[in-house]
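Below is one structure, written out as structure tokens, with a few remarks after it.
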Amino acid sequence: MGQCLRYQMSWEDLEEYQALTFLTRKEILCIHETFLKLCPLVKYYKEATLTIDQVSSLPALRANPFRDRICRVFSHDNVFSFEDMLGMASVFSEHACPSLKIEYAFRIYDFNENGFIDEEDLQNIILRLLNSDDVSEELLVDLTNHVLRESDLDNDNMLSFSEFEHAMAKSPDFMSSFRIHSWEL
């Protein structure tokens, strides 16, 4: 009762979504099914929205240390439409182009949303990646300074988008790690 009515996606919509994303038809239909299972009762899935809490509880995001930032970047006014979910899934697809992945990674890692990845952002990233609040201040500062030494080309103690892009282009694991494999419940 608390789910969307099972409106089938039209063939035209499916074709359009496939043309506009890096997703296969099968992936789009899987995301559609997941969205329908989570969304409130409405007449049409395109009118439905999900909360950030609903989306961040998906198995694909639940264990991700950046799930709150991912949801913030891809939602609109803290809610997700079906097309917002498709956009998120498309960026995290294995078929998405590197430049798109880098653009969204930058937005996700820019915690204070000042248009740069500064020392505060880097420390936040490091703490989340280490998955520990028990990191010494000295280690945190050392790791932050190391990243800046390697990537901050203009020595202003923060990474611009172009500096971040340059650093990610040199990272062999970036493309394979910036992926989500399944959007099923």
Side-chain angles (χ1 to χ4, degrees), residues 1-117 120-121 124-125 128-129 131 161 164-165 168 174-185:
M1 181 89 169
Q3 295 181 332
C4 287
L5 299 176
R6 298 290 185 215
Y7 281 92
Q8 293 295 318
M9 184 183 311
S10 73
W11 182 255
E12 292 80 20
D13 284 347
L14 182 56
E15 294 263 310
E16 183 177 350
Y17 291 142
Q18 190 177 8
L20 295 173
T21 67
F22 292 98
L23 302 170
T24 65
R25 289 176 194 210
K26 183 178 178 183
E27 290 168 324
I28 293 166
L29 292 171
C30 174
I31 294 163
H32 185 252
E33 185 62 29
T34 297
F35 188 85
L36 290 177
K37 287 177 182 175
L38 292 174
C39 72
L41 184 64
V42 293
K43 293 182 179 176
Y44 186 49
Y45 76 92
K46 285 189 176 184
E47 298 169 1
T49 58
L50 300 178
T51 66
I52 283 180
D53 287 341
Q54 287 174 302
V55 175
S56 67
S57 72
L58 288 170
L61 291 175
R62 194 177 306 138
N64 190 308
F66 300 98
R67 73 181 165 277
D68 61 320
R69 289 293 306 152
I70 292 168
C71 287
R72 178 159 171 83
V73 166
F74 286 96
S75 66
H76 290 88
D77 297 324
N78 295 320
V79 296
F80 278 85
S81 68
F82 174 67
E83 291 179 356
D84 294 333
M85 276 194 64
L86 279 184
M88 178 172 58
S90 183
V91 168
F92 284 100
S93 164
E94 66 181 298
H95 304 294
C97 62
S99 62
L100 184 67
K101 287 182 176 289
I102 290 169
E103 175 189 337
Y104 277 91
F106 185 85
R107 291 176 60 192
I108 290 164
Y109 298 152
D110 181 12
F111 285 85
N112 56 22
E113 299 180 3
N114 66 355
F116 295 93
I117 296 179
E120 179 185 333
D121 295 325
N124 212 333
I125 293 164
R128 288 181 184 220
L129 289 174
N131 196 23
F161 177 74
F164 179 79
E165 185 176 35
M168 291 301 98
F174 174 71
M175 285 300 289
S176 61
S177 64
F178 202 77
R179 280 186 28 200
I180 294 178
H181 298 281
S182 172
W183 292 95
E184 296 181 65
L185 277 176

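Judged as a side-chain contact (heavy atoms from CB on, under 4.5 Å), and not counting sequence neighbours, the contacts of Ser10 are Glu12, Asp13. With sequence neighbours excluded, no residue forms a side chain to side chain donor-acceptor pair (under 3.5 Å) with Ser176. Residues forming a ring pair (Phe, Tyr, Trp, His ring centres under 6.0 Å) with Tyr104 (at least two apart in sequence, or on another chain): Phe74. For Phe178, the ring pair (Phe, Tyr, Trp, His ring centres under 6.0 Å) test picks out Phe92, Phe174, with sequence neighbours left out. A search for side-chain contact (heavy atoms from CB on, under 4.5 Å) contacts involving Asp84 returns His76, Phe80, Ser81, not counting sequence neighbours. Listed by chain and number, the residues in a side-chain contact (heavy atoms from CB on, under 4.5 Å) with Ser182 are Glu184 (sequence neighbours excluded). Partners of Tyr17 by ring pair (Phe, Tyr, Trp, His ring centres under 6.0 Å), not counting sequence neighbours, listed by chain and number: Phe82.
Legend: salt bridge (charged side-chain N to carboxylate O under 4.0 Å, His left out) pairs involving residues 18-27, not counting sequence neighbours, sorted by first then second residue: Glu15-Arg25. For residues 97-107, there are no salt bridge (charged side-chain N to carboxylate O under 4.0 Å, His left out) pairs, not counting sequence neighbours. Note on residues 56-83: pairs passing salt bridge (charged side-chain N to carboxylate O under 4.0 Å, His left out), not counting sequence neighbours, are Asp68-Arg128, Arg69-Glu113, Arg72-Glu113.
In this structure, the side chain of Glu120 does not engage the main chain of Asn112 through any donor-acceptor pair within 3.5 Å. Proximity of a side-chain donor or acceptor of Ser93 to a complementary backbone N or O of Phe22 within less than 3.5 Å is detected. Side chain of Asp121 to main chain of Phe111: a donor-acceptor pair is present (N/O by atom type, distance under 3.5 Å, no hydrogens or angles).
Rounding to the nearest 0.5 Å gives a distance of 14.5 Å between NZ of Lys37 and CD of Gln54. Atom CD of Glu165 and atom OG of Ser99 lie 7.5 Å apart (nearest 0.5 Å). Atom CD1 of residue Ile28 and atom CD of residue Glu16 lie 10.5 Å apart, to the nearest 0.5 angstrom. Atoms CD1 and CD1, from Ile117 and Ile108 in turn, are 10.0 Å apart once rounded to the nearest 0.5 Å.
Residue Cys71 comes nearest to Ile52 through the heavy atom pair CB-CG2, 3.7 Å, listed as atom of the first residue, atom of the second, then distance. Considering every non-hydrogen atom in both Leu50 and Cys39, the closest pair reads CD2-CA, 3.3 Å. The two residues Val91 and Ala96 come nearest to each other via the heavy atoms O-CB, 3.5 Å. Pairing each heavy atom of Thr24 with each of Gln18, the nearest pair is CA-NE2, 4.4 Å.
Looking at Leu61 and Met88, their side chains come closer than 4.5 Å, going by heavy atoms from C-beta outward. No side-chain heavy atom of Trp183 sits less than 4.5 Å from a side-chain heavy atom of Phe35. Side-chain contact check for Leu38 versus Leu58: some heavy-atom pair is nearer than 4.5 Å.
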Exercise for review: Would you sort out whether Asn78 and Ser75 count as a side-chain contact (heavy atoms from CB on, under 4.5 Å), showing the intermediate values?
Suggested key: CA-CA 5 Å; Asn78 295 320; Ser75 66; 4.3 Å; yes

